[in-house]
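Have a look at the structure below before the remarks.
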Amino acid sequence: METIKQLILDNKADEAIRLLDEIIAADPQNDEAYYLRGNAWRKKGNMQLAINNYLEAIDLNPDSPARQAHAMMMKIMNFFNKDMYNH
């Protein structure tokens, strides 16, 4: 998992997601893999897939760090004021 964390930090999210997909296919109960895949999707700018992966990690492990990541994402999404861009 350290290699995957480094890939995400190095802006190689596509490679990280590919590896995490393989891990999840082999072990669908791996909450850390879902958390990291959420981080990779967030790095790529896909907030919906990031949130979905965080929620999956939380379902598998309520104490997952995905709980804090999800809360942060929700604060960001709630702060975003779409009306400002419609004028």
Side-chain angles (χ1 to χ4, degrees):
M1 292 297 193
E2 292 305 314
T3 300
I4 291 170
K5 289 177 187 175
Q6 192 59 49
L7 287 171
I8 295 168
L9 287 173
D10 292 342
N11 291 318
K12 297 180 180 174
D14 288 329
E15 188 175 346
I17 290 167
R18 183 184 58 76
L19 293 172
L20 289 162
D21 286 347
E22 292 174 11
I23 292 168
I24 291 168
D27 181 11
Q29 301 301 308
N30 188 329
D31 65 282
E32 184 180 14
Y34 285 103
Y35 165 65
L36 291 175
R37 192 166 69 176
N39 288 346
W41 281 115
R42 181 171 46 90
K43 189 83 162 192
K44 286 180 59 76
N46 190 323
M47 302 311 168
Q48 185 60 54
L49 286 176
I51 290 169
N52 290 349
N53 278 275
Y54 292 148
L55 289 174
E56 188 65 37
I58 294 165
D59 283 346
L60 294 170
N61 176 8
D63 296 325
S64 168
R67 184 170 294 286
Q68 285 107 357
H70 179 263
M72 177 191 70
M73 293 290 301
M74 296 314 294
K75 283 182 183 176
I76 291 168
M77 299 297 279
N78 288 332
F79 180 77
F80 181 66
N81 185 349
K82 294 180 179 108
D83 291 338
M84 289 176 57
Y85 298 99
N86 291 334
H87 295 292

Quick check: is [Y] connected to [X] through a chain of hydrophobic side chains (ILVMFWY, heavy atoms under 4.5 Å apart)?
{"X": "Tyr35", "Y": "Met1", "result": "yes"}
{"X": "Ile8", "Y": "Met47", "result": "yes"}
{"X": "Leu60", "Y": "Trp41", "result": "no"}
{"X": "Ile23", "Y": "Leu7", "result": "yes"}
{"X": "Leu49", "Y": "Ile4", "result": "no"}

At what distance, to the nearest 0.5 angstrom, does [atom1] of [X] lie from [atom2] of [Y]?
{"X": "Asn61", "Y": "Gln29", "atom1": "CG", "atom2": "CD", "value": "11.0 Å"}
{"X": "Arg42", "Y": "Leu36", "atom1": "CZ", "atom2": "CG", "value": "10.5 Å"}
{"X": "Ile58", "Y": "Asn53", "atom1": "CD1", "atom2": "CG", "value": "11.0 Å"}

Measure across [X] and [Y] and return the closest heavy-atom pair with its distance rounded to 0.1 Å.
{"X": "Ala57", "Y": "Ala66", "value": "CB-CB, 3.6 Å"}
{"X": "Ala25", "Y": "Pro28", "value": "O-CD, 4.2 Å"}
{"X": "Ala40", "Y": "Ile17", "value": "CB-CG1, 3.5 Å"}

For residues 43-55, which residue pairs qualify under salt bridge (Lys or Arg N to Asp or Glu O under 4.0 Å), counting only residues two or more places apart or in two chains?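 Listed by first then second residue: Asp14-Lys44.
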Give me the one residue out of Arg37, Arg67, His70 that meets side-chain contact (heavy atoms from CB on, under 4.5 Å) with Tyr54.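 That would be His70.
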Determine whether the side chains of Asn52 and Gln48 contain a donor N or O and an acceptor N or O closer than 3.5 Å.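 Result is yes, a qualifying pair exists.
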Under the rule for side-chain hydrogen bond (donor to acceptor under 3.5 Å, both in side chains), what residues qualify as partners of [X], not counting sequence neighbours?
{"X": "Arg18", "answer": "Glu22"}
{"X": "Asn30", "answer": "none"}
{"X": "Tyr34", "answer": "none"}
{"X": "Asp59", "answer": "none"}

Contact check, side chains of Ile76 and Met72, non-hydrogen atoms, under 4.5 Å: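 Yes, close enough: below the 4.5 Å cut-off.
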Contacts of type side-chain contact (heavy atoms from CB on, under 4.5 Å), residue Gln68, not counting sequence neighbours: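 Counting only residues at least two positions away or on another chain, Gln68 forms a side-chain contact (heavy atoms from CB on, under 4.5 Å) with Pro65.
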